[in-house]
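Comments concern the structure below.
All chains are named by letter (A, B, ...) in the order of the sequence lines, taking the proteins before the strands, and each is independently numbered beginning at 1.
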There are 2 protein chains.
Amino acid sequence: MGFVPSQQRLPLDEVLVGDCIAAMNALPAGSVDCVFADPPYNLQLGEASLLRPDQSRVDAVDDAWDKFSSFASYDTFTREWLSACRRVMKPNATLWVIGSYHNIFRVGSALQDLGFWILNDIVWRKANPMPNFRGKRFTNAHETLIWASRSAESKGYTFHYEALKGGNEDLQMRSDWFIPLCTGDERLKGADGHKVHPTQKPEALLARTLLSATNPGDVVLDPFFGTGTTGAVAKRLGRRFIGIERETVYAEAARARIAGVVPLSQASLLVSPAKRAEPRVPFLSVVEAGHIRAGEVLTDERRRFKATVRPDGQLGIGPVVGSIHKIGALVQGLPACNGWTFWHAERGGKPLVIDAYRTELRAAMGAAG
Amino acid sequence: MGFVPSQQRLPLDEVLVGDCIAAMNALPAGSVDCVFADPPYNLQLGEASLLRPDQSRVDAVDDAWDKFSSFASYDTFTREWLSACRRVMKPNATLWVIGSYHNIFRVGSALQDLGFWILNDIVWRKANPMPNFRGKRFTNAHETLIWASRSAESKGYTFHYEALKGGNEDLQMRSDWFIPLCTGDERLKGADGHKVHPTQKPEALLARTLLSATNPGDVVLDPFFGTGTTGAVAKRLGRRFIGIERETVYAEAARARIAGVVPLSQASLLVSPAKRAEPRVPFLSVVEAGHIRAGEVLTDERRRFKATVRPDGQLGIGPVVGSIHKIGALVQGLPACNGWTFWHAERGGKPLVIDAYRTELRAAMGAAG
DNA sequence: TGATGGGTTGAATCCATCT
DNA sequence: TAGATGGATTCAACCCATC
């Protein structure tokens with residue numbers, strides 16, 4: 001048993017144009033160290049377009065490559081490309097897949113059925129997600145990555161535990177990552193000024209995955225290369241890549257992009273994450289934490305105004321209900337108010353500003369923010 | 001078609017001891033408003049126990065109820081209990097399931113296959129997760145909840161958008177929730193001082209789900225009741241519950257726990273009215289009430305566009321006639337427009353938004369109704 | 001040169017009611 | 001039951017023009 005690396009030459013640092021399953025099947029077995037895959041998400045959007053509150057149209061993903069007739073056909077497709085990946089993976093290689101709730105459960109199940117061994121699921125928390133315009137659901141503010149080894153017996157996979165910890169205030173890197181969307185200069189634009197690819201991933205996301213789970217010189221395969229974020233980051237970080245992309249337009253854009261990437265020096269490969277701004281704390285969290293009870297009465301410092309805390313983290317005065325800020329502004333007749341510094345809870349016979357509890361929660365959040 | 005609620009009595013605010021599938025099948029179809037399920041996670045732990053760096057043993061979940069011989073048997077079990085849930089759900093009921101990467105992909109796929117419609121996946125970010133002692137993976141710092149309606153056609157599900165927003169700094173609630181683990185006094189301990197249940201969920205997590213997706217008086221079913229966090233929170237928040245638990249020890253602990261819960265006052269439970277629940281007011285009523293005269297000229301706020309009020313409650317620009325919305329969209333070249341907030345009447349030399357008159361009429365309707 | 005404000009945009013399973 | 005219509009709904013980041 002075991003894999004015998006083929007002597008066949010690998011198409012390193014190239015973009016292959018074509019169907020990813022056929023292209024992978026043409027590669028030698030057991031030849032890549034890592035796979036990063038961003039497959040179609042199988043979004044099932046209705047016919048009507050979604051309008052923002054200002055009546056502008058949301059530019060949805062409606063490309064042909066995201067169309068599947070049923071869950072069954074999506075599952076078949078998923079098993080096929082995952083199987084092809086598994087064949088070309090070295091025994092200790094790992095696989096990353098990114099997706100949303102539309103497809104990630106199908107992908108995760110297929111992975112497990114094929115014998116992959118899930119090491120973590122990772123949550124990419126978006127700094128600036130698209131809002132939910134109709135107010136019918138929670139803001140869809142994250143995507144999920146699955147990190148898996150080739151099998152449960154693959155114990156020798158690469159994981160740079162110490163490096164990640166060192167870059168994270170000496171705390172273990174958690175499974176929830178806070179990273180902005182790909183915008184600005186990083187977002188590839190065509191001659192018409194429009195985005196080249198509808199779902200270009202941020203380089204920071206790829207950088208963290210490749211720094212975590214590969215070594216310099218490792219070969220990273222991306223079967224859904226798109227505009228080549230995986231290749232650009234691999235080159236910058238001193239890794240080799242194999243990209244496969246069906247659409248010539250994307251492949252061309254990827255090649256041009258990667259040609260412009262300057263590799264980092266070996267010494268500078270680990271980057272500390274940027275300092276975060278103070279994490280926002282919902283007043284609801286203060287209630288949930290039990291610092292302030294639902295039903296409790298808050299006042300201003302001089303006890304001129306009163307309002308009752310509701311279990312949903314709003315304040316109420318009789319029938320009037322709103323956020324701590326809204327109600328604070330209302331009672332004072334002001335256009336705005338910082339509820340955190342305005343409202344107080346009775347503690348030991350004296351009013352304690354509720355901002356004290358926010359500070360406490362932030363300390364508890366620590367590096368988790 | 002449609003569900004006809006059975007006259008059969010529901011076992012409200014009770015803990016049923018037994019197999020959840022059999023127990024659910026004995027309930028009338030279409031009878032519950034919400035399901036919260038925390039099924040066995042199908043953890044695949046080796047025989048050897050995990051040791052902390054100080055050689056103490058980690059108290060892992062190794063109970064018999066979490067043993068499944070294969071993915072196939074777990075999938076069968078999952079489909080069965082999900083189907084039983086779906087039968088007892090009202091058409092607009094929603095289902096919550098919590099899990100980790102060990103089982104959530106199986107559960108999510110089964111959900112979709114059975115016709116549930118996923119509304120969100122929610123990430124519970126743990127404030128104080130267990131570290132990864134071996135340093136072989138990322139700290140597993142989150143669990144995933146899936147929120148789904150009974151079918152894609154179930155558009156009338158409950159979601160308290162405004163209340164959640166008010167409790168969250170007046171920002172939409174996101175899909176990533178930061179909540180501490182269940183520890184301290186909240187964690188049920190036996191006479192021996194050990195925790196009663198290995199996976200007791202924090203009340204804050206249940207509170208947020210029930211406040212989001214149920215109304216006071218709604219019936220919440222929990223087929224894996226454990227030590228009754230769902231029941232305790234439901235009682236506190238003025239919801240009814242049906243708990244099903246196989247282990248007598250857990251059921252007894254749950255009953256004792258829930259008996260000690262003091263419900264919040266009715267007043268603090270009232271949810272913020274959704275704006276769309278406000279009664280519809282025809283623009284014609286504003287004209288009929290004399291607030292705006294037929295023949296009067298309306299403009300936008302900056303007086304760029306003009307239109308004349310007709311006695312039938314439409315607007316006209318020359319020969320073009322239509323509703324306040326149609327004409328507002330037309331002059332702006334937009335696909336749609338809310339005429340109530342777009343059009344203004346000249347009052348005291350300044351433009352007054354016509355929505356003010358709708359508010360006034362609604363207040364009058366409230367007094368009359 | 002820096003501050004400010006307007007405009008644009010991001011993998012979206014995003015309406016309710018009446019005729 | 002399908003089609004028409006009323007009308008409710010957004011947050012963070014970045015670009016750019018203007019002050």
With heavy atoms under 4.0 Å as the rule, sort A/W124 into base, sugar-phosphate or nothing.
nothing

Using the P atom on both, measure C/dA11 against D/dA8 and round to a whole Å.
30 Å

Residue closer to the 5' end of DNA chain D, B/R174 versus A/R52 (nearest nucleotide)
A/R52

Between B/R302 (CZ) and C/dG6 (P), how many Å, whole number?
9 Å

Establish, for the pair B/R174 and A/F138, whether the NZ or CZ atom is under 6.0 angstrom from the six-membered ring centre and no further than 45 degrees off its axis.
no

Among D/dC11, C/dA11, C/dA12, which nucleotide sits nearest the side chain of A/M130?
C/dA12

Using a 4.0 Å heavy-atom cut-off, does A/N140 contact any base of the nucleic acid, only the sugar-phosphate backbone, or nothing at all?
sugar-phosphate

At under 4.0 Å between heavy atoms, what does A/P39 touch on the DNA or RNA strands: base, sugar-phosphate, or nothing?
base

Identify which one of B/W177, B/F116, B/F36, B/W96 satisfies the ring-ring contact (aromatic ring centres under 6.0 Å, His included) criterion when paired with B/W147.
B/W96

Counting heavy atoms not belonging to B/E301, are there more than 12 under 6.0 Å from its CD?
no

Salt bridge (charged side-chain N to carboxylate O under 4.0 Å, His left out) with B/R310: which residues, sequence neighbours excluded?
B/D312

Given B/H142 and B/D176, is the side chain to side chain donor-acceptor pair (under 3.5 Å) satisfied, shown in steps?
CA-CA 10 Å; B/H142 75 275; B/D176 50 339; over 6 Å; no

Describe the nucleic acid contact of A/A60 in one word from base, sugar-phosphate, nothing, applying a heavy-atom distance below 4.0 Å.
base

Nucleotide of D/dA13, C/dC15, C/dA12 approaching A/A127 most closely (side-chain heavy atoms)
D/dA13

B/K165 side-chain N/O to D/dT10 phosphate OP1/OP2 under 4.0 Å
yes

Indicate for each nucleotide in nucleotides 14-19 of chain D, in 5' to 3' sequence, whether protein heavy atoms under 4.0 Å reach the base (B), only the sugar-phosphate (S), or nothing (-).
SS----

Below 4.0 angstrom from OP1 or OP2 of C/dG10, is there any side-chain N or O of A/K126?
no

When we call it a touch if two heavy atoms are under 4.0 Å apart, what does B/L171 touch: a base, just sugar-phosphate, or nothing?
sugar-phosphate

Note on DNA chain C: ranges paired as stems (three or more Watson-Crick/G-U pairs in a row, both atom distances under 3.5 Å) are C:2-10 with D:11-19, C:15-19 with D:2-6

Residues of residues 112-121 of chain B with a heavy atom under 4.0 Å from any atom of DNA chain C, listed by number, are B/Q112, B/W117, B/I118

Examine A/K126 relative to A/W124 and say whether NZ or CZ is less than 6.0 Å from the centre of the six-membered ring and inside a 45° cone about the ring axis.
yes

Could one point to a donor on the side chain of A/K136 or the base of C/dA12 with an acceptor on the other under 3.5 Å away?
no

Here the distance between atom P of D/dA12 and atom CD1 of A/I179, to the nearest Å, is 18 Å

Side-chain atoms of A/L50 come closest, of C/dA12, D/dA13, D/dT10, to C/dA12

Between OH of A/Y250 and P of C/dA11 the distance, given in whole Å, is 13 Å

Do A/D59 and A/K195 meet the salt-bridge criterion of a basic N to acidic O distance under 4.0 Å?
yes

Sequence neighbours excluded, the answer for salt bridge (charged side-chain N to carboxylate O under 4.0 Å, His left out) partners of B/K326 is none

Using whole Å, report how far CZ of A/R137 lies from C1' of C/dA12.
8 Å

Report the distance from atom CG of A/D54 to atom P of D/dC11, rounded to the nearest whole Å.
13 Å

Base, sugar-phosphate, or nothing: which does A/D38 touch, judged by heavy atoms less than 4.0 Å apart?
base

Are A/K201 and A/D38 close enough for a salt bridge, meaning some N to O gap below 4.0 Å?
yes

Nucleotide C/dA11, atom C1' - distance to CG of A/D63 in whole Å:
10 Å

If you only use heavy atoms from C-beta on, which nucleotide in D/dT10, C/dA11, C/dA16 is closest to the side chain of A/K201?
C/dA11

Within this structure, what is the CG-to-P distance between A/L51 and C/dA12, rounded to whole angstrom?
15 Å

So, does the side chain of A/Q55 form a donor-acceptor pair with the base of D/dT9 at under 3.5 Å?
yes

In whole angstrom, give the distance that lies between atom CZ of A/R125 and atom P of D/dA12.
13 Å

Any salt bridge between B/K90 and B/D218, counting N to O under 4.0 Å?
no

Would you tell me if any nitrogen or oxygen in the side chain of B/Y157 comes within less than 4.0 Å of OP1 or OP2 on C/dC15?
no

Which whole number of Å gives the distance between the P atom of C/dC14 and that of D/dA12?
23 Å

Worked verdict on B/S175 versus B/N120 for side chain to side chain donor-acceptor pair (under 3.5 Å):
CA-CA 7 Å; B/S175 56; B/N120 279 111; 5.5 Å; no

Integer angstrom distance from the C1' of C/dT1 to that of D/dC16
16 Å

Between the protein and nucleotides 1-7 of chain D, which nitrogen or oxygen pairs come in under 3.5 angstrom?
residue : atom : partner : partner atom : Å
D/dG6   : OP2  : B/S323  : OG           : 3.3
D/dG7   : OP2  : B/H325  : NE2          : 2.4
D/dG7   : OP2  : B/W340  : NE1          : 3.1
D/dG7   : N2   : A/R134  : NH2          : 3.1

Please indicate whether A/D192 has more than 12 foreign heavy atoms, meaning atoms of other residues, nucleotides or ligands, lying under 6.0 Å from its CG.
yes

